[in-house]
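Working notes, beginning with the structure itself.
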Amino acid sequence: MEGASRRLALLEGHLVSYETYSDAAIERNRCAAAAAAPGAAPVGAGPVVLIGGMVMDLQARASVATDVQRGGSVPGRVSQSAGGVARNVAEALALLLRSGGAPASRLPLLVSAVGDDLAARSLLQHWQSLGLSSRCIARVPGGATPTVSVVFDLGGEVAACVADVALLERELGPPLLRGAGVAAALAAAPVLMLDGNLSQAALREACGQAALAGVPVWFEPVSVPKSTRAAPLLSSLTYASPNEKELAAMAAAARQQQFCCCKGRCGCGGTCSCGGTCGSCSTASDCCCCTAQCGGQACKCQPAGVSAADSGGGEAPPGTPAAGTAAAGLRAMLPDVATLLLAGLRHLVLTLGSGGAALCTLAPGGQAVEAVHVPALPATVVNCSGAGDCLVAGCLYGLARGLPAAQALCYGVAAATAAVQSESNVPAGVPEVTGDGVATAAAANLTFELKPVLAFAAEQLKQEIKVFPPGSGLFPGRNTTQNGGWSEVEYTDWVSGFGDGCLWKMHALTGDAAWAKAAAALLPGLEPMKTNTGTHDIGFIMLSSFGDALGAQPPPSAAKADKYRRVLQTAAASLAKRYSPKLKLIRSWGSDLGAREFKVIIDNMMNLELLFVAAALPGGKSEWRDIAVAHASTASKVFFRPDGSTYHKVIYDLQTGKITFRGTHQGYSDNSTWTRGQAWAIHGFSAAYEATGKVLFRTTAQRAADLFLKRLMPDWVPLWDFDAPPSQPWKDTSAGAAAAAGLLRLSKVASSPTRAKKYEAAALAMLQAMGTGYLASAAPLGSPRLASILMNGTVSAPSGNYGTGTIFGDYYFLSALHAAFGRQSAA
């Protein structure tokens, strides 16, 4: 790919646009403080709390080609279902949380009110059937349960709507919210959602409690008229999710609220006609914000515009596409967006219907609006009524996991896709559309700058060449030491080839012949390894050195290529000697090839590629390929648990052929999942499928990948073991780098385009996370300068070797960068 940067692939392969919009509309004097800098939401210990409507929805849609029309009737179908914005969001959120393995204690808590009629009994019975608590849902004697009747047109959009929700505004007020149970739950929530059915008094009470507890607040407007209720409370809100019409109404109400810019505050420097202090204007016409001229100049303050009452009514659809391109549409709405952000709202999630959604925040300094646009996914639209609710649920799911707002929005767009394709307000397929919970989201900074990463890598590797010159007999070791430099190993250590491999990868990334020259100079020191039959790691060593040398572009000379071929095939013959026809496995450890204890580790999957490559070269033996196929076939059965996680080590009794042990060597426990081992499985089985086309190997690689992504940390960098306790929270960038390289390889052969895009998007997000937050250049001040490219790697946590640079992590990081971005300009 040309250039030094590439935008992350996201969701179903759509690109996210990250643009900064500047406009004079927000370069005026403020009537409110600038919003706080965006970031991830704090994660409370309790469930997400949602306060708002539990409603009985009546939905009508035509069943013939004739669309609905005013003053007439058409044949159709009328259905009823549980609804209400807060209720819908809570149900969708519960589905997402359950799909991610959340315990019952973290399922959402709904605070609402219903009557004592048949509708109430039906709603509560359904709620309890979902396994959700109704302890904070008030039952009002003699009350009429809120009901909303919606008529849809043939396109699935709302044609008309009547809402009877007076009970909510009357009963869901401050007294109920001050109850001990509600107040305690709210204080412990990771995030609080309020819907527009609440009265201003209830909104103010909930926001006040949230502020005292430090809980972020999400406001969902519900409709155009109700959206304006939040205008006086914008500085208390962290998030709001209006559509275009709701945005206009909220902005108009906010300007009405703040129109007294007061004497001396007008952006043009003139005097306000009210001539008084802030708040003294009696009408809009008294204020300079609402006059055409101010002091003889055009007033820079925003005009008040249309009032909320003039902007329409009824239940609005979840969002309409912005006119023209996303950028043009967002620019057209910029004055309204800026109004809300300048009034104190921290994040504006603007729903755009078929245009997707956009996250808008104030840039540092408050002089521009930053907008991240997440396009909508392709979908066959059946019903748009639940899309907005599911979008909010997806966002809340991400926020509850501690993700930044941009990542959380990606979950929201994915969840909304499920909603528009179902007649239900909350389709059961929501968790399926959002995938494994992390693979459909991208990191908050959506632009990955490759050039500075390559520049830093070049700086580190040039120093490595000086420290480990050709002929020294020493190579960069497994980890950096306390003084920051590399440990040292001889050519027989399993990592000896990775330093040379890093140089070959830099040549592949940059095309700079100097890297190839430096790498080739190290090959003679590694060549003696080709006859070593004492370890399976010969594959790691020879592939990262001679394998990369043979695959270099432009290709090596014929003489050099023949030399590299012969070395690789000699090495393959050495590795093949470790194969047991009885067990159909290659022995991993031990130089005594006849030893009864036969140890095999998942790492061995990475060494099979030596056999595949050597067999495919001129003069190669089919026997080598057969050995690799047999080992991979057996490993796919004995190393995997039912959930797709892997054991690190399997021990056989060579005499009886029976397994005597399955567990770990470098993981947390025998039943835990060592993340680097899981990454080896992704990479190794993907390579085996590439070489053979055997579906078993692709299926196994995908099982390993799906488990890895399901359990990956929200920041895209794995722990050293997925089951490590909180007391051992050490990261392993080497596992992340190896997994990213494997996922990119798997994405090219995945069983479906959806899987391919998911694996690629996740790999790119992982690379971005490591390339922006885990480069060794980001090491804390005062710590020794690290010789590695990445920091926070784990060699072996049980041995106390963690929190270092790793040479194999650097190699797979560069490998993945090359797979993702191709050759760049010389670094």
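Please read these numbers as outputs of a predicted model, since none were measured by experiment.
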Is there a side chain to side chain contact (heavy atoms under 4.5 Å, CB included) between Tyr239 and Arg346? Walk through the geometry before answering. CA-CA 6 Å; Tyr239 309 91; Arg346 292 167 179 79; over 6 Å; no
Heavy atoms only: give me the nearest [X]-[Y] pair and the separation to one decimal.
{"X": "Ala163", "Y": "Val148", "result": "CB-CG2, 3.9 Å"}
{"X": "Val89", "Y": "Asp389", "result": "CG2-O, 3.4 Å"}
{"X": "Lys226", "Y": "Gly196", "result": "CB-O, 3.4 Å"}
{"X": "Ala371", "Y": "Cys360", "result": "CB-SG, 4.2 Å"}
{"X": "Ile51", "Y": "Ala206", "result": "CD1-CB, 4.2 Å"}

Do [X] and [Y] come close enough that some side-chain heavy atom pair is under 4.5 Å?
{"X": "Val140", "Y": "Val114", "value": "no"}
{"X": "Pro108", "Y": "Leu97", "value": "yes"}
{"X": "Arg204", "Y": "Leu233", "value": "yes"}
{"X": "Leu348", "Y": "Pro242", "value": "yes"}
{"X": "Val369", "Y": "Leu341", "value": "yes"}
{"X": "Leu58", "Y": "Thr147", "value": "yes"}
{"X": "Cys161", "Y": "Val151", "value": "no"}
{"X": "Leu399", "Y": "Trp218", "value": "yes"}

Check side-chain contact (heavy atoms from CB on, under 4.5 Å) between [X] and all other residues, then give those that pass, not counting sequence neighbours.
{"X": "Val182", "value": "Val111, Cys136, Leu176, Leu177"}
{"X": "Ser235", "value": "none"}
{"X": "Cys207", "value": "Leu194, Val217, Ser236, Leu237"}
{"X": "Val695", "value": "Arg698, Thr699"}

So among Glu246, Glu220, His347, which one has a side-chain hydrogen bond (donor to acceptor under 3.5 Å, both in side chains) with Ser241? Glu220
Test Leu107 against Arg98 for side chain to side chain contact (heavy atoms under 4.5 Å, CB included), laying out the working first. CA-CA 8 Å; Leu107 295 180; Arg98 281 201 175 103; 3.3 Å; yes
Which pairs pass salt bridge (charged side-chain N to carboxylate O under 4.0 Å, His left out) with one or both residues in residues 120-140, sequence neighbours excluded? none
Scan for salt bridge (charged side-chain N to carboxylate O under 4.0 Å, His left out) pairs involving residues 349-359, sequence neighbours excluded, and state none if there are none.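 Checked against salt bridge (charged side-chain N to carboxylate O under 4.0 Å, His left out) - neighbours excluded - no pair reaches residues 349-359.
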Any donor-acceptor pair under 3.5 Å linking the side chain of [X] with the backbone of [Y]?
{"X": "Ser122", "Y": "Leu118", "value": "no"}
{"X": "Asp67", "Y": "Asp153", "value": "no"}
{"X": "Thr228", "Y": "Pro225", "value": "yes"}
{"X": "Thr351", "Y": "Ala357", "value": "no"}

Could you tell me which residues satisfy salt bridge (Lys or Arg N to Asp or Glu O under 4.0 Å) with Asp336, sequence neighbours excluded, listed by chain and number?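 If we apply the salt bridge (Lys or Arg N to Asp or Glu O under 4.0 Å) test to Asp336, skipping adjacent residues, the hits are Arg255.
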Residues at least two apart in sequence or cross-chain that pass salt bridge (Lys or Arg N to Asp or Glu O under 4.0 Å) with Arg755, listed by chain then number, are Asp706
Side chain to side chain contact (heavy atoms under 4.5 Å, CB included), that's the test. Do Leu247 and Met333 meet it? Break it down for me. CA-CA 8 Å; Leu247 169 67; Met333 291 181 272; 3.9 Å; yes
Which pairs of donor and acceptor atoms, one on a side chain in residues 165-172, lie under 3.5 Å apart (sequence neighbours left out)?
residue: Glu169; atom: OE1; partner: Arg229; partner atom: NH2; Å: 3.3
residue: Glu169; atom: OE2; partner: Arg229; partner atom: NH2; Å: 2.8

Only one of Leu396, Val215, Thr238 passes side chain to side chain contact (heavy atoms under 4.5 Å, CB included) with Leu192; say which it is.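 Single pass found, and it is Val215.
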Name the residue from Val48, Val392, Leu110 that meets the side chain to side chain contact (heavy atoms under 4.5 Å, CB included) definition with Leu93. Val48
Using the test side-chain hydrogen bond (donor to acceptor under 3.5 Å, both in side chains), find all partners of Thr145 that sit at least two apart in sequence or belong to another chain.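 Listed in chain order: Asp117.
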For Ser751, check side-chain hydrogen bond (donor to acceptor under 3.5 Å, both in side chains) against everything at least two apart and list the hits.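 side-chain hydrogen bond (donor to acceptor under 3.5 Å, both in side chains) check on Ser751 returns Gln702.
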For residues 124-132, run the donor-acceptor check on the side chains, cut-off 3.5 Å, and write out each pair with its distance to 0.1 Å, sequence neighbours left out.
residue: Trp127; atom: NE1; partner: Ser133; partner atom: O; Å: 3.0
residue: Gln128; atom: NE2; partner: Ser134; partner atom: OG; Å: 3.4
residue: Ser129; atom: OG; partner: His126; partner atom: O; Å: 2.5

May I have the step-by-step check of side chain to side chain contact (heavy atoms under 4.5 Å, CB included) for Leu340 and Met250, ending in yes or no? CA-CA 8 Å; Leu340 299 191; Met250 291 176 70; 4.1 Å; yes
